[in-house]
Structure formats: C-alpha cells, structure tokens
Amino acid sequence: MRLLHLQSGNLSLTEDYTEHVPPYAILSHTWGNDTEEVTFDDFRAGTYIAKTGYRKIEFCGEQAARDGFQYFWVDTCCINKINLPELSEAINSMFRWYQDAARCYVYLSDVSKRCNANESFSQSIWKSEFRHSRWFTRAWTLQELIAPKSVEFFSRDGERLGDKESLELLLHETTGISVEVLRGKPLIELSVEERMLWAAKRTAKRKEDEVYSLLGIFGLHMPLIYGEGRENAFVRLKREIGERSRGKFSKFHISARFNES
C-alpha cells in the first residue's frame with residue numbers, strides 16, 4: 001500500500017508498505033474523465049498539479065493535515081494500474097484499506113453548500129443535491145461508505161456537510177442501507193440478497209468492476225480477469241459466495257441486472 005505524504009508543504013509518494021502502515025486518511029470520490037485524473041505516472045513525472053483531479057488530492061491532504069495526519073491515500077495516483085498484479089492486489093485489499101483508515105473523506109464534486117441568509121433554505125438545496133449526487137450511483141463507493149468507521153462528507157468547495165452518524169437517516173433514505181449497517185453491524189450477519197440489493201443500481205466504467213467492487217462486501221478474494229465481462233465475473237463471484245455459504249446462495253433472488261446479456 002503506497003501513501004501520499006504531506007510534510008512541511010511538500011507532497012511525496014511513499015514506497016509500498018507491507019506492514020507497519022502509519023495512520024492515514026483516505027479519499028472517496030467519483031472519477032472524472034481519465035485525462036483529468038492524476039495517475040501514478042503523472043505523480044512520478046511531476047506533471048500532476050495542472051490537472052483538474054489534483055484539486056481532490058490537495059483537498060484530501062489539507063483536510064488530513066487539519067486532522068493531524070501526515071499520510072493519506074487516493075486511488076487515482078497511489079496504485080500503478082499498469083501493473084496488473086499490483087492492481088489485483090489493491091482491488092482485493094480495498095475494503096480493508098478503507099476499513100483501516102483513520103478517516104474517510106467523501107469529496108462530492110456535484111454538491112455545493114451555498115451561502116444564503118435563509119439557513120433552512122440553503123440546507124434544503126445542498127441536501128437535495130446530496131441525495132442526487134453521482135457518488136451514490138457508483139459501484140466502488142458502496143464499500144467506501146460501509147467499510148470505514150469514520151466517514152465525513154464535503155462539498156466541492158471543501159465545506160463539511162456532516163458525517164456518517166449525523167447524516168445516517170439521509171444516507172439510509174438515499175441508499176437503502178439500514179441504519180444498523182451504517183453504525184457498523186457486521187456484514188456477515190446480513191443475507192446475500194440484502195447486500196446485492198445495495199449494488200443493484202450502481203455502475204462502473206468497466207463492467208467487470210460492478211462485480212469486483214463487491215468482493216469486500218462479501219469478504220471474498222478472487223483474481224481479476226478484465227475482458228471477461230460482467231456476467232462471467234458474476235458467475236465466478238456467485239461460485240465463491242456459494243462455496244462460502246455452503247450452497248445457500250441459490251436460495252436468494254439476485255437482481256436481474258447481474259444476469260443481463
């Protein structure tokens with residue numbers, strides 16, 4: 001696990017930690033166009049500051065520093081995605097990385113906490129934008145909401161909107177995830193069907209990721225085979241869940257979206 005290190009205004013990328021990982025914050029966000037995001041290669045080459053996606057990295061580092069952390073993690077640039085073994089390891093470890101983070105900052109690029117003399121009116125505006133944020137439609141952000149103990153939400157201007165505790169009813173209404181789960185109820189106590197339903201309307205740029213993003217939700221690990229398609233990936237996931245649950249998987253109705261051709 002590589003981390004970004006911000007010290008005395010200098011930002012650097014650490015070597016890969018295999019143990020003794022320092023306390024870190026972690027970013028949850030939605031990807032823009034690939035050309036806008038800061039990649040591992042961009043960071044190594046020092047060509048990242050002019051990119052639009054750097055604003056999210058800058059925000060995360062500044063917020064982490066305010067909270068007393070020198071280290072933070074951002075998926076766009078902390079993983080060398082050209083290295084397929086590294087990418088596979090990262091995706092299979094992702095749930096745990098979010099779970100182990102001291103803070104998770106959700107950066108909502110489509111939500112603005114507008115200033116208004118009428119505070120209740122201003123709140124109704126950002127809460128409406130919050131409910132309709134693209135963040136709630138993406139496959140990977142499901143585990144990013146559930147796994148961390150501390151999840152804080154911020155507007156595109158970096159203004160704090162609340163956290164998983166203060167916004168739990170709004171989060172429940174928006175996602176269908178029970179308040180008990182948002183408070184940390186173990187996922188192993190939930191049915192396969194309930195967990196699948198959370199993901200039913202979520203999408204990813206790569207169709208296989210709609211399945212791979214569920215690995216942590218089910219406590220599973222499996223090899224990535226990009227190019228196999230969503231349906232084949234789901235067959236493999238179904239097999240892994242079936243083995244883990246000793247054949248009970250077939251008792252559950254699974255969203256038809258995963259069975260579309």
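Sequential numbering from 1 along the given sequence is applied to the chain's residues.
- Looking only at atom types and distance, the side chain of R156 has no donor-acceptor partner in the side chain of S109 under 3.5 Å away.
- At a threshold of 4.5 Å between non-hydrogen side-chain atoms, the residues I177 and I146 count as touching.
- Taking the six-membered ring for Trp, F154 and Y107 have ring centres at least 6.0 Å apart.
- Between E165 and R183 there is no salt bridge, since none of the side-chain N atoms of the basic residue sits less than 4.0 Å from a carboxylate O of the acidic one.
- When atom types are taken as modelled, the side chain of K164 and the backbone of L145 share a donor-acceptor pair closer than 3.5 angstrom.
- Using cut-offs of 30° and 60° on the angle between ring planes, the pair H29 and W31 is parallel.
- Linking ILVMFWY side-chain heavy atoms closer than 4.5 Å, directly or via other members, places L84 and V211 in a single hydrophobic cluster.
- Side chain of E208 to backbone of G229: a donor-acceptor contact under 3.5 angstrom is found.
- Side chain of Y24 to main chain of L4: no donor-acceptor pair is present (N/O by atom type, distance under 3.5 Å, no hydrogens or angles).
- Side-chain rings of F130 and F136 approach one another, their centers coming within less than 6.0 Å.
- Closest approach of F72 to C60, counting heavy atoms only: CD1-SG, 3.6 Å.
- When all heavy atoms of C78 and L13 are compared, the closest pair comes out as SG-CD1, 4.0 Å.
- Two residues are said to be in side-chain contact when any heavy atoms from C-beta on lie closer than 4.5 Å; T14 and M1 fail this criterion.
- Tracing side-chain contacts under 4.5 Å through hydrophobic residues (I, L, V, M, F, W, Y), one reaches W198 starting from M94; they form part of the same cluster.
- S128 places no side-chain N or O within 3.5 Å of a backbone atom of I125 that could act as its donor or acceptor partner.
- A donor-acceptor contact closer than 3.5 angstrom links the side chains of S28 and W135.
- Here the CZ-CG distance, from F95 to L220, works out to 11.5 Å after rounding to the nearest 0.5 Å.
- For the pair R236/E228, a side-chain contact is recorded, criterion being any heavy-atom separation below 4.5 Å from C-beta on.
- Side chain of T141 to main chain of E144: no donor-acceptor pair is present (N/O by atom type, distance under 3.5 Å, no hydrogens or angles).
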Next item on the list: Tell me, with the steps shown, if E129 and S112 meet side chain to side chain contact (heavy atoms under 4.5 Å, CB included).
Entry: CA-CA 8 Å; E129 291 181 345; S112 176; 4.1 Å; yes
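- A distance-only check finds a donor-acceptor pair linking the side chain of R202 to the backbone of R138 [under 3.5 Å].
- Of the N and O atoms on the side chains of Q63 and R66, at least one donor lies less than 3.5 Å from an acceptor on the other residue.
- Atom-to-atom distance recorded for I79:CD1 and F40:CZ is 11.0 Å, nearest 0.5 angstrom.
- With a 4.5 Å cut-off on side-chain heavy atoms, W126 and S155 do not count as touching.
- Pairing each heavy atom of R55 with each of D157, the nearest pair is NH2-O, 4.4 Å.
- By the 4.0 Å N-to-carboxylate-O rule, R230 lies too far from D209 to be salt-bridged with it.
- One hydrophobic cluster, built from ILVMFWY side chains closer than 4.5 Å, cannot hold both I26 and L11; they sit in different ones.
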Next item on the list: Carefully, step by step, assess I241 and K238 under the rule side chain to side chain contact (heavy atoms under 4.5 Å, CB included).
Entry: CA-CA 5 Å; I241 295 174; K238 179 177 177 179; 5.9 Å; no
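- With rounding to the nearest 0.5 Å, the separation of CZ in R195 from CD1 in I217 is 8.5 Å.
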Checklist line | Working for side chain to side chain contact (heavy atoms under 4.5 Å, CB included), residues Y71 and V21 | finding: CA-CA 10 Å; Y71 297 91; V21 180; over 6 Å; no
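- Rounding to the nearest 0.5 angstrom, the gap separating the CG atom in L215 from the CD1 atom in I91 is 8.0 Å.
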Item checked: Full working for side chain to side chain contact (heavy atoms under 4.5 Å, CB included) between D110 and L108 -> CA-CA 5 Å; D110 51 2; L108 302 174; 4.2 Å; yes
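- Residues forming a side chain to side chain contact (heavy atoms under 4.5 Å, CB included) with S166 (at least two apart in sequence, or on another chain): D163.
- Considering CG of L197 and CG of L190, their distance stands at 11.5 Å, rounded to 0.5 Å.
- Using a distance-only test at 3.5 Å, with no hydrogens or angles considered, a donor-acceptor pair links the side chain of E37 to the main chain of G32.
- Classification of D42 and K51 as a salt-bridged pair holds, one side-chain N sitting under 4.0 Å from a carboxylate O.
- For the pair R103 and E152, the salt-bridge criterion is met [side-chain N within less than 4.0 Å of a carboxylate O].
- In this structure, V38 is not a member of the same hydrophobic cluster as W140, with clusters built from ILVMFWY side-chain heavy atoms closer than 4.5 Å.
- Rounding to the nearest 0.5 Å gives a distance of 8.5 Å between CG of N232 and CD1 of I225.
- For K149, the NZ atom sits in a loose shell: 12 or fewer heavy atoms of surrounding residues, nucleotides or ligands are nearer than 6.0 Å.
- Proximity of K113 to L161: side-chain heavy atoms (C-beta onward) are separated by under 4.5 Å at one or more points.
- Ring centroids of Y212 and F234 are separated by 6.0 Å or more, keeping the two rings apart.
- Electrostatic pairing of R131 and E173 counts as a salt bridge here, judged by a charged N lying under 4.0 Å from a carboxylate O.
- Taking 4.5 Å as the limit, some side-chain heavy atom of F218 sits within range of a side-chain heavy atom of M196.
- Inter-residue side-chain proximity for L3 and Y17 is flagged as met; some heavy-atom pair is nearer than 4.5 Å.
- Salt-bridge check for K81 with E86: failed, with every basic side-chain N at 4.0 Å or more from each acidic carboxylate O.
- For Y48 and F43, the ring centers are positioned less than 6.0 Å apart.
- At a threshold of 4.5 Å between non-hydrogen side-chain atoms, the residues F153 and L171 count as touching.
- Atom CD of E15 has 12 or fewer heavy atoms from other residues, nucleotides or ligands within 6.0 Å.
- Both L170 and L182 are assigned to one and the same hydrophobic cluster, defined by single-linkage of ILVMFWY side chains at heavy-atom distances under 4.5 Å.
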